[in-house]
Amino acid sequence: MKVLVIGSGGREHTLVWKIKQSTLVKEVFCAPGNGGISKLATCVPIKANDLKSLADFVEKEGIDLTVVGPEEPLVLGIVNEFEKRGLRIFGPSQKAAQIEGSKVFAKELMQKYNIPTAEFAIFSDPKLAKDYVQEKGAPIVIKADGLAAGKGVIPARTLEQALEAIDLIMVKKVFGQAGEKIVIEEFLDGEEASFLVVSDGENILALPSSQDHKPIYDDDKGPNTGGMGAYSPAPIVTKEVERHIMQDIIYPAIKGLAKEGFPYKGVLYAGLMIKNGQPKVLEFNCRFGDPEAQPLLMRLKTDLVEILNAVVDGNLKNQTLKIDPRPSVCVVMASGGYPGSYEKGKIICGLDVAENMENVMVFHAGTSFKDGNFYTAGGRVLGVTALGKTLPDAISTAYEAVKSISWEGVYYRKDIGFKALRHLGRFVGIVIGSTSDKKIMLEAKNTLRELFIPCEMTLASAHRSPERVINYAKTAKEKGIKVIIAGAGYAAHLAGVIAAHTTLPVIAVPLATSPLNGMDALFSSVQMPSGVPVAVVGINGAKNAALLAAQILALNDKPLAKALENMKKQMALKIEKIEL
Ligand code: AMP
C-alpha cells in the first residue's frame, strides 16, 4: 500500500513512524511533513488545508489510504472531497467533524444525548451574553464557537475578564467568523484527562487514557500552548472512571452522531474533567491529540494500518487493540519564547545520543533538515518520548534523553507526568512562613524536582495566619500529601503547629532570617513537647529536608529508592573527583 499522512507536526511524525512499521505498507508520503518526517517518508510540499491539491496528488500518485492529522482539513471537508472522488481516507466527514469545528454543535449534541458536560448557554448577541455573565458571576468560561487555533477558550476568573472576553470574541472579532456565536459555560474544577477511541461509525475501540500539559510553565502556569508534554495512562482514569467514560460519553456520542445522520469514522478525542470519579466533557476533538498521539502510539502494538483500514471499510468489529502495558511519557522541547514570538534556524545538537537510547523515540514537531543537520523550524520542536517499566522510569528516561539534546534557547517543562506521580503516592507539601523564606526553600523544591517528586509550595504563617496553617495541616492528607516540609525563621512555630494537626511526618527547616541567624528558629523547632514530633534539619537545610522527605517516600516506592541511591553515588563521585 501507498499511504499519505497529512500534517507537519509531532503527531504526524508519530503516525508516519507507526504506519511505516506495517507489513501492509510499501511507501509513505507526508504533506507537507517536516525535517524529521523526511527521513521516513517522501515529503510533498502541499499545505494541509489545500484539499483539492491533496486529492489531485493522491489520484496522480495512486495512494491507497490517506490519514489526516490536524483538524482543519477535516472541518473543511477533506473526507467529503476524497470520498466524492472515490479515494480512501481515514477521518470523519465534514458534518461529523463539527463535533470539534463547532462548540455549539458539540454542546447541543451533548445536551440532546444526556452526555455529562458543563452547564452552558449559547449566544449570538454580545449584550445578552454579558447579561448572562452578570447573572451567573465568575469564574466562568467563554468559548468561541468555531476553530480558533486553540485560543478560542477563555477561562475567566473575574467578571471583568469574562466581559472583556465577550468583547474580544464578538465585538472586536479577533477570531473572525469563529466568534459569531459563543458558548458560555460553568467553570469546572477537578483533574483533566484525555480519552481517545477509534470508531467506524458503529463499532468502537478504546485507546488507553492519556493526559497532556497545555500551559507553557511548570505547575501549569503561564499561557496555553499546543501542548508541552503528555503521558499515558492517566491514573485518574481508573477502571471505574473508564466504564463511566465509555457508557455515559463515548457510546452516546457515537450513537447520537449516527442517529443524527453523521456516522463518525475516525478518532474521537474526549477532553475530560474528572471530579470524584465523575467525568464531564470539556471538549471533543475529531483527530489524534498532539502530543497525546506520541505516548499513545508508542504503546500501540497492533498494526495501525489494519485498524485504519478497518475504520475506512466499516469492519472494526473484527479488530482488537494490543497495548504495551508499560507507561509512556512525551516531553516537548520548544523554542525559547514560544508560545509568543521565537527564533527559528537554530542547529540541534545531541539528537543521535537520544535516538540511540533504548525505549526512546524522538518525534520531530518543527524541524528542518539541511546539509546533514537538523534545525529548529517551529515553536514546538521535538517530542522526546520514552517507555518505562513504571511511570517514574518512563519520566526519568524521557528527561535523560531530553538532557542530551540542546540548541540555543531551548525550553521544556520539568514536571511532565508529575500529576500522575501524585496518584502513585509521591507528593510533598512545602509550607513557608513568609515570602522572604521562598528563596532558600526553593532549594527543597528543586531537589524534589530532580528526583521527580511533585510538590506544592504554600504560604501560611503560624503567627499571622494560624487558621490557614491549621486548615492546611488538616486537609493535607486528603489532598494526597505524604510529607510536609515547613520552612520558617524567627521563633518558628510553623512546623509545630502543623505537626499538632496532622499525623503526616513533618520536617522543619529553621531559617536564618532573624538577627539571631536561625538559632531562634532551630531551638523553637527542635524542642517540641512530647506527642508533637517534628524532624529538624540544620539551619537553612532545605536540601536535606527534601532528601529526608524523599527517603520517607522511598520506603514504599522502589523506583524512587533507586533514584536516591543513584543520587548518592553521584555525590560520592563528585567528592572523589576533587583534588586536594
Ligand atoms: P477546550 O478547548 O474546550 O478543551 O478548552 C481548553 C482548556 O480550557 C481545557 O483543556 C481546560 O483546561 C479549559 N477549560 C475548558 N472548559 C472548561 C470549563 N468548563 N471549566 C474549566 N476549564 C475549562
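Both counts, for ligands and for their atoms, begin at 1 and track the order of listing.
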Side chain Arg422, main chain Lys479, donor-acceptor under 3.5 Å: no
Between Glu260 and Tyr113: side-chain donor-acceptor atoms closer than 3.5 Å: yes
Ion pair Lys143/Glu283, N-O distance below 4.0 Å: no
Lys445/Asp415 salt bridge by N-O under 4.0 Å criterion: no
Parallel, tilted or perpendicular: rings of Phe363 and His13 (30°, 60°): perpendicular
Could you list each N/O atom of ligand 1 together with any protein N/O atom closer than 3.5 Å, one pair per line with the distance?
residue	atom	partner	partner atom	Å
ligand 1	2 (O)	Lys103	NZ	3.4
ligand 1	2 (O)	Glu283	OE1	3.0
ligand 1	3 (O)	Lys143	NZ	3.1
ligand 1	3 (O)	Leu282	O	3.3
ligand 1	4 (O)	Glu283	OE1	3.3
ligand 1	4 (O)	Glu283	OE2	2.9
ligand 1	10 (O)	Glu192	OE1	2.8
ligand 1	12 (O)	Glu192	OE1	3.4
ligand 1	12 (O)	Glu192	OE2	2.4
ligand 1	16 (N)	Lys143	NZ	3.1
ligand 1	16 (N)	Glu185	OE2	3.4
ligand 1	19 (N)	Glu185	OE2	2.7
ligand 1	19 (N)	Glu186	O	2.8
ligand 1	20 (N)	Leu188	N	2.7

SB check Asp393 Arg326 (cutoff 4.0 Å): no
